[in-house]
Structures are given as structure tokens and as C-alpha cells.
Amino acid sequence: MNILTLLIFIPVLFGLIIMLLPSSLRSSFKYITLLATLIQLGMSIWIYLHFKTGAAYGGINHEDQFQFVQKLPWISLNLGSMGKMQIDYFVGIDGISITLLVMTSLVLVIAALSSWEIKSNLKGFFLLFLLLDMAVMGVFCSLDFFLFYLFYELMLLPLYFLIGMWGGARREYAAIKFFLYTLFGSVFMLLVMVGLYLSVTDPATGNHTFNMVQMMNPANYSAQSIFSIVGHQTILGMPARTVGFVVLFIAFAIKVPVVPLHTWLPDAHVEAPTPVSIILAGILLKIGGYGIIRICLGIFPEVATTGAFWLGLLGVISILYGAFNALAQRDLKRMIAYSSVSHMGFVLLGIASQTAEGISGAVMQMVSHGFLSTMLFFLVGVLYNRVHDRGIYHFRGLGNLMPKYTAFIMIAFFASLGLPGFSAFVAEAFTLAGAFKSPTVNNLLPYWMAVCGAIGLLLGAAYFLWTLQRMFFGAESLKGGAVWKTALTDLNLREKLTLAPLALIAIALGIMPSLVFDKINDSVLTLIQFLQLK
């Protein structure tokens with residue numbers, strides 16, 4: 001069996017084991033879930049080590065250049081004179097997929113460890129967790145749009161219940177808001193997907209296809225089809241391909257999240273339990289960025305180029321808006337949630353530049369932010385589990401009470417604000433370099449966008465350092481007094497073992513960014529060449 005298929009469906013196997021075990025063995029559920037994620041991590045590392053690099057493995061719009069491919073007939077329907085409807089189980093990865101796959105595997109291990117704090121309805125929680133695990137793995141491996149959409153939608157159900165049943169006081173509101181936002185984007189994505197299917201013909205079979213790689217080839221579109229490149233079809237008086245791009249972009253921008261489609265994020269993060277916050281920030285946001293690169297740029301490259309200014313503008317707005325909101329927050333978890341809006345704005349800015357530096361920086365930012373946001377939300381969860389409070393002004397002098405905790409949060413804060421030597425510095429530097437280079441290379445973005453991105457870095461340093469000063473330095477002052485002082489014990493062994501790899505990765509990627517760049521470089525160059533030949 002193909003290793004990607006095993007990677008995707010291992011959580012289902014372990015979920016079945018949990019389902020069959022009696023509730024009297026509920027204490028074993030967390031170990032079974034952790035084992036599933038550790039096996040996935042081992043497999044993803046093996047795939048990373050055996051992933052081939054070179055111009056012959058760029059992927060993107062060359063089906064034969066993807067690796068670990070498995071393509072099997074899945075759904076077949078004879079339509080008589082209209083031909084045959086064929087949907088394939090088609091999985092494979094290129095350089096952009098592999099780095100996000102490894103990042104996702106590690107984040108899921110951390111989320112599994114943090115879920116040990118869950119005390120109620122353990123069977124339901126871990127079954128939903130493993131279902132979500134399968135869905136996010138499937139998204140990064142799918143090369144068939146129908147299969148991609150299936151996994152993409154499958155994430156919605158477990159997340160809705162994980163937030164709505166195990167979240168905070170306003171969990172139902174946060175879960176419904178998240179559900180409606182995501183469903184809004186997904187419903188219209190379905191219409192575009194069907195339109196693309198009816199527009200694209202597989203040259204080998206003569207049948208319509210959901211194959212995303214085939215959708216990137218202009219020669220596969222018939223002149224009369226709705227998304228034809230030469231037919232100039234319209235929808236509601238607007239070019240059909242522009243409408244298709246905008247609809248897909250909105251669906252993925254909700255996940256990123258891009259301002260003004262971000263308002264579900266702070267509520268979902270604040271109300272979600274720690275493991276779900278980790279998955280939301282560490283993985284779900286990256287699926288939005290991945291979708292923009294793989295589908296929006298891949299299938300509608302000419303629209304992405306003509307609309308690059310607006311993509312860059314949305315990225316800059318997200319950077320500055322998220323940073324200013326983070327400065328204003330009094331809840332630590334909400335502050336980190338808004339910082340995610342700001343940091344993911346750099347991803348959109350890098351993609352909009354359509355330069356090798358910018359897109360490489362965007363992918364690096366997704367990988368870096370995946371690890372750092374996981375570390376930050378885990379640290380917030382540790383504090384909340386001690387005293388059930390996250391108010392920034394309710395703590396002072398924590399550095400004296402919890403020195404090991406303070407050391408890890410300082411690493412997470414300094415890494416996130418872009419200090420040289422950490423992963424975020426490399427990611428943001430390359431993103432800004434790409435945005436600054438764009439006016440001279442392809443004239444897509446003006447110089448002031450790179451300047452605004454740099455201002456966002458300054459604001460990031462401001463809210464992280466100010467939070468560090470308010471909560472961890474100075475004389476001890478706790479809202480809960482002596483009761484809190486007793487409860488605020490330093491990190492235990494499980495928490496230290498969970499945080500240590502994340503801290504090491506943040507440093508390793510800052511010192512050796514080639515761990516990511518070597519794998520993505522061929523795919524990024526292939527994508528740039530593809531965009532230039534549009």
C-alpha cells in the first residue's frame with residue numbers, strides 16, 4: 001500500500017480500536033491517540049528523508065514530477081452519450097506539500113499530548129481528534145479536486161463538535177460562527193469545482209476530470225466551457241475565470257484568515273480547548289495558504305497576476321490590523337490569536353509578490369508559524385490549567401514563580417517577533433525581500449507594501465515584549481493571591497518534553513533554513529516559471 005495512503009488513514013485504524021474498547025479502559029485512549037500521531041510523525045520524517053530534489057521533481061503542473069503517487073479508480077459512472085464520469089483516488093506530494101506534511105505531523109503529536117488535560121467524554125473527544133487528523137493529512141496529499149474537497153469539508157464536522165462540546169463558556173457561539181464562516185466559503189467552492197470539472201477534459205481518456213494537475217493546463221479547456229481561457233465566458237457580467245478565482249480565494253482566505261474574513265478566529269481560539277487551538281493555529285490556517293498556492297495560483301494564474309496588488313493589499317492590511325489588535329488585547333490567548341492574523345498576512349504578501357524569494361518566504365512562514373503558534377497556545381494552556389485565567393494584567397512577576405515556563409515563553413516570544421537566529425526571521429526576511437523585489441522584476445507590488453510589512457514586524461516586537469514585561473518581570477502580583485501562588489507550579493516533565501522539540505525546531509530552522517528551502521526550492525521555481533508562462 002502507498003505510504004501516503006497509510007499516513008492518511010492510520011488515524012482511522014486507531015479510531016476503530018478506541019471505538020471498540022469499553023469505557024472502563026478510557027485511560028488508554030490518550031496513549032492510543034498519541035501512538036497514532038507518533039507513527040504518522042515517523043512516517044512523515046521517512047518521506048522527508050527519501051524525498052528527491054532536482055528540476056525533475058518540481059511537481060506543480062507536471063503530474064509525472066510528483067512523488068509517492070497513488071492513482072486508483074474510485075467513483076465511475078457511465079453517462080451514456082455524454083461519456084463517463086471518473087473520479088480517482090489520486091494522492092501525491094511535491095516540495096510544497098512535504099514540508100507542511102512534516103509540520104502537521106509534529107503539531108498533531110503536540111496536540112495529542114496537550115489533550116491529556118481533557119477529562120470528560122474521552123472516547124468522543126479522541127475519535128473526533130483522529131477523524132480530524134485524517135482529514136488534514138488528506139488535504140495536503142490530494143491531487144484530485146473532488147478528493148481534496150472531501151477532506152477539506154471533513155475537517156469542519158470534528159472541529160465544530162470539538163469546540164462546541166469541550167470549549168469555554170461561549171463555546172456554542174464560537175463553534176456555530178466557525179461552522180457558518182467555513183461553510184459559506186465551501187458551498188461556493190463546490191460550484192466552482194463542478195464548473196472546472198465540466199470545463200476540463202483529460203487528453204488521455206477524453207472524459208471530464210477533477211484532476212487538479214490537468215486543470216492547470218490551458219490546452220485541456222474547451223473553448224465553449226465556462227472556465228475556458230480563450231472563450232471569455234462571463235458570470236453575472238464578470239469574466240468567469242475571475243469569478244472562479246475570487247470564490248476560491250474567499251474560501252481559502254477564511255481559513256488563513258485574511259481581514260475582513262477573520263472574525264471567527266479570536267472567538268474560536270479563546271473558547272476552544274488547548275489541543276483544538278493548537279490544531280486551528282498550527283494546521284488549519286496553513287491549509288488556507290496551501291489552497292491559495294496550489295489551487296488559486298495553479299488553476300487561475302493569469303487572474304492571480306492581474307489581482308496581485310489586491311492580494312498584497314489584503315496581506316498588508318492583515319499584518320497591520322492583526323498587530324494593532326494584538327497590542328490592545330487584555331487576554332493572552334486572544335492576543336496570540338490576533339498575532340496569528342498578523343503573521344499569516346506575511347504569507348499572503350509573499351504569495352502576491354510572485355517572486356521566488358516571496359513564495360519561499362511564504363511557505364517558510366507557514367512552517368515556522370505552525371511550530372511557533374503551537375508552542376504559544378500550549379504555553380497559554382499550561383497557565384490556564386493552573387489557575388483558569390488568562391488575563392494579562394492578572395499576572396506579574398511570573399519569572400520568579402515559574403522560571404522554566406518563563407524560559408520557554410521567552411523563546412516563543414523572541415522567535416515569533418522575528419529575532420535573527422529563529423525561524424520567523426528567515427521567513428519574514430524572505431517575504432519582505434520578495435515584496436521589495438517585485439516592483440523591479442514583475443511590477444506587481446509597489447514598494448510601500450514591503451515598508452508596511454516591516455512596520456508590522458516592529459509592532460510584533462512591541463506586543464510580545466510588552467506582554468513579557470507585564471506578566472513575567474517586576475514584583476510578584478497575582479489576582480488570585482496566595483491561592484494562585486500555590487497553584488502556579490513550574491513545568492512538569494510531560495510539558496517540558498512537549499515544549500523542548502518546538503523550541504529546538506524554532507532555532508534549527510533559523511540557523512539551517514535549508515531544511516525547508518532545499519525541499520521546496522524546485523517546486524517554487526517551477527511555480528514561478530508556470531506563472532510567467534501563463
Side-chain angles (χ1 to χ4, degrees), residues 2-16 18-19 32-33 36-37 39-41 43-44 70 74-75 87 89-93 97-98 100-112 115 124-166 175 178-179 181-183 185-187 189-190 193 210 212 251-252 254-257 264 268 272-273 275-291 294-295 366 370 374:
N2 183 274
I3 191 167
L4 293 183
T5 299
L6 286 172
L7 187 71
I8 295 167
F9 292 106
I10 271 179
V12 177
L13 174 63
F14 282 82
L16 288 173
I18 290 176
M19 186 183 294
I32 294 171
T33 303
T37 57
I39 291 173
Q40 281 183 309
L41 177 60
M43 292 174 67
S44 66
Q70 185 174 24
W74 179 28
I75 300 173
I87 302 174
Y89 172 81
F90 183 22
V91 294
I93 56 172
S97 310
I98 179 59
L100 293 171
L101 211 57
V102 175
M103 185 258 326
T104 298
S105 300
L106 181 57
V107 169
L108 286 166
V109 172
I110 304 303
S115 66
F125 181 89
F126 287 111
L127 284 175
L128 289 168
F129 182 99
L130 290 168
L131 180 63
L132 179 59
D133 181 343
M134 179 197 73
V136 296
M137 286 295 184
V139 164
F140 289 124
C141 297
S142 299
L143 294 177
D144 182 276
F145 207 155
F146 189 90
L147 186 65
F148 176 92
Y149 185 81
L150 185 70
F151 284 125
Y152 189 84
E153 283 297 281
L154 198 57
M155 296 185 299
L156 184 58
L157 188 66
L159 278 169
Y160 171 76
F161 286 112
L162 287 169
I163 297 170
M165 295 178 66
W166 287 272
F178 164 77
F179 188 93
Y181 263 77
T182 307
L183 190 64
S186 301
V187 166
M189 184 199 289
L190 177 62
M193 182 182 77
F210 284 103
M212 289 195 289
F252 294 125
I254 290 170
K255 285 278 200 295
V256 169
W264 65 269
V276 180
S277 288
I278 287 171
I279 293 173
L280 279 173
I283 302 172
L284 198 73
L285 276 57
K286 315 308 172 294
I287 288 173
Y290 174 79
R294 174 74 68 207
I295 296 177
M366 287 194 283
T374 297

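Not measured: the values here are computed from a predicted model.
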Identify each donor-acceptor pair in which a side-chain atom of residues 124-142 lies under 3.5 Å from a protein atom, sequence neighbours left out, and give them as a table.
from   : atom 1 : to     : atom 2 : distance (Å)
Asp133 : OD1    : Gln40  : NE2    : 3.0
Ser142 : OG     : Gly138 : O      : 2.6

Validation: residues 147-154 side-chain donor-acceptor distances under 3.5 Å, sequence neighbours left out:
from   : atom 1 : to     : atom 2 : distance (Å)
Tyr149 : OH     : Ser186 : O      : 3.0
Tyr152 : OH     : Ala251 : O      : 3.2
Glu153 : OE2    : Ser186 : OG     : 2.5

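Taking Thr104 as the reference, nothing meets the side-chain hydrogen bond (donor to acceptor under 3.5 Å, both in side chains) condition, with sequence neighbours excluded. Every residue meeting the side-chain hydrogen bond (donor to acceptor under 3.5 Å, both in side chains) condition with Ser105, not counting sequence neighbours, appears here in chain and number order: Ser44. For Phe179, the ring pair (Phe, Tyr, Trp, His ring centres under 6.0 Å) test picks out Tyr160, with sequence neighbours left out.
In this structure, the separation between CG on Leu4 and CD on Gln70 is 8.5 Å, given to the nearest 0.5 Å. Distance check, rounded to the nearest 0.5 Å: CD1 of Ile287 to CZ of Arg294 gives 13.0 Å. The line from CE of Met189 to CD1 of Ile295 is 6.0 Å long, rounded to the nearest 0.5 Å. Atom CG of Leu101 and atom CG of Leu41 lie 10.5 Å apart (nearest 0.5 Å). Once rounded to the nearest 0.5 Å, the distance linking CG of Leu159 with CZ of Phe161 reads 11.5 Å. Between the CD1 atom in Ile110 and the CD1 atom in Ile279 there is a gap of 11.5 Å [rounded to 0.5 Å].
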Please assess Leu106 against Thr374 for the test side chain to side chain contact (heavy atoms under 4.5 Å, CB included), listing each intermediate value before the final yes or no. CA-CA 10 Å; Leu106 181 57; Thr374 297; over 6 Å; no
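Using modelled atom types, no side-chain atom of Trp264 and backbone atom of Thr182 make a donor-acceptor pair closer than 3.5 Å. The closest donor-acceptor contact from the side chain of Lys286 to the backbone of Ala281 lies under 3.5 Å.
The minimum heavy-atom distance between Thr37 and Val109, with the atom names listed, is O-CG2, 3.5 Å. Nearest heavy-atom pair, Leu143 versus Val91, reported as atom, atom and distance to 0.1 Å: CD1-C, 4.2 Å. Taking every heavy atom of both residues into account, Val256 and Leu285 meet most closely at O-CG, 2.8 Å. In this structure, Ala272 and Leu280 approach most closely via the heavy-atom pair CB-CD1, 4.5 Å. Thr33 approaches Ala112 most closely through the heavy-atom pair CG2-CB, 4.3 Å. A pairwise comparison of heavy atoms in Tyr290 and Ser97 identifies OH-OG, 3.4 Å as the closest pair.
Between Leu156 and Phe178, the closest side-chain pair of non-hydrogen atoms falls below 4.5 Å.
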